[in-house]
Amino acid sequence: MPPEASVGAAQGPHPRHGLAPLLASAVRLSIVAALAAVDRAEFAYVRDLVEITDSALSKQVSRLEQADWVAVEKGQVGRRPRTWLRLTENGADAYRRHLAALTAIAGPLQRR
């Protein structure tokens, strides 16, 4: 046991309490991570990147949209309908908190 660790030492709440339950799904986490890297992304791009079907992406986006984490914008390019997805500020904040909690749980990487 490391010298700084002691049994029963209170250090505040465990970092797992900072995890976002909505991001417990690897698919939803992948969608949010993809959107965090861009201003907005076309539905088909996210579908292909995350490697899921249209219907699976639609279902997961609906859950994220209900939480106000993802915004859906519909439009057209030429005569073709398009759907774009964008991470909202609430979504970006939740994603940052989730990543911070994961980092706190995992701790720094150590090479042996």
Side-chain angles (χ1 to χ4, degrees):
M1 179 161 59
E4 66 278 355
S6 63
V7 176
Q11 300 176 7
H14 190 275
R16 77 176 178 280
H17 298 294
L19 293 172
L22 197 55
L23 297 180
S25 158
V27 170
R28 282 191 298 271
L29 177 59
S30 298
I31 293 165
V32 170
L35 295 176
V38 297
D39 290 332
R40 73 178 188 168
E42 196 170 323
F43 184 95
Y45 170 80
V46 176
R47 177 202 61 212
D48 294 346
L49 184 66
V50 179
E51 299 177 345
I52 57 177
T53 64
D54 284 352
S55 110
L57 179 57
S58 182
K59 180 180 177 182
Q60 298 307 323
V61 165
S62 289
R63 297 216 35 212
L64 292 165
E65 189 178 24
Q66 287 172 352
D68 188 34
W69 288 9
V70 169
V72 177
E73 301 166 11
K74 303 240 180 210
Q76 286 191 272
V77 174
R79 292 184 175 192
R80 296 186 164 250
R82 293 286 189 260
T83 301
W84 292 276
L85 307 174
R86 171 179 64 76
L87 197 60
T88 65
E89 277 302 314
N90 288 340
D93 290 344
Y95 180 61
R96 281 190 288 273
R97 285 190 307 272
H98 190 79
L99 289 182
L102 286 173
T103 301
I105 291 166
L109 294 175
Q110 296 180 11
R111 295 181 182 244
R112 294 185 188 254

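Fair warning: this is a prediction, and the values are worked out from it, not measured in the lab.
- Closest approach of A101 and G18 over heavy atoms only: CB-C, 3.7 Å.
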V50 vs L57, side chain to side chain contact (heavy atoms under 4.5 Å, CB included): CA-CA, chis, key distance, verdict
CA-CA 9 Å; V50 179; L57 179 57; 5.9 Å; no
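- Under the rule for a side-chain hydrogen bond (donor to acceptor under 3.5 Å, both in side chains), R97 has no partner lying at least two apart in sequence or in another chain.
- Looking only at distances, no side-chain donor or acceptor of H98 sits under 3.5 Å from a matching main-chain atom of L19.
- Residue L87 comes nearest to W69 through the heavy atom pair CD1-O, 3.2 Å, listed as atom of the first residue, atom of the second, then distance.
- Here R63 contributes atom CZ and S58 contributes atom OG; the two are 13.0 Å apart, rounded to the nearest 0.5 Å.
- Using a 4.5 Å heavy-atom cutoff, the side chains of L85 and E73 are not in contact.
- Shown here for A41 and V46, the closest heavy-atom pair between the two residues is CB-CG2, 3.7 Å.
- Counting heavy atoms of neighbouring residues, nucleotides and ligands inside a 6.0 Å radius, atom CZ of R16 exceeds 12 of them.
- By the 6.0 Å contact criterion, CZ on R82 is enclosed, its count of non-hydrogen atoms from other residues, nucleotides or ligands being greater than 12.
- Under the 4.5 Å side-chain heavy-atom criterion for Ile, Leu, Val, Met, Phe, Trp and Tyr, V38 and V61 are members of distinct hydrophobic clusters.
- Among residues two or more places apart in sequence or in another chain, the side-chain hydrogen bond (donor to acceptor under 3.5 Å, both in side chains) test is passed with R96 by D93.
- Q76 contributes a side-chain N or O that, together with a main-chain N or O of R79, makes up a donor-acceptor pair within less than 3.5 Å.
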Before you tell me yes or no, could you show the steps for L64 and R28 under side chain to side chain contact (heavy atoms under 4.5 Å, CB included), namely the whole-Å CA-CA distance, both residues' side-chain angles and the distance that decides it to 0.1 Å? CA-CA 8 Å; L64 292 165; R28 282 191 298 271; 4.1 Å; yes
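- For the atom pair CG of L49 and CD of E42, the computed distance is 13.0 Å after rounding to the nearest 0.5 Å.
- The distance from the NZ atom of K74 to the CZ atom of F43 is 8.0 Å, given to the nearest 0.5 Å.
- Two residues are said to be in side-chain contact when any heavy atoms from C-beta on lie closer than 4.5 Å; Y95 and L35 fail this criterion.
- For R47, the salt bridge (charged side-chain N to carboxylate O under 4.0 Å, His left out) partners at least two apart in sequence or on another chain are D54.
- Between the side chain of T88 and the backbone N or O of D68, at least one donor-acceptor pair lies under 3.5 Å.
- Note that the CD atom of Q60 and the CG atom of L22 stand 8.5 Å from one another [nearest 0.5 Å].
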Review point. Given the rule in the side chain to side chain contact (heavy atoms under 4.5 Å, CB included) test, do W84 and D39 qualify, once you have shown the distances and angles that lead to the verdict?
Key: CA-CA 10 Å; W84 292 276; D39 290 332; over 6 Å; no
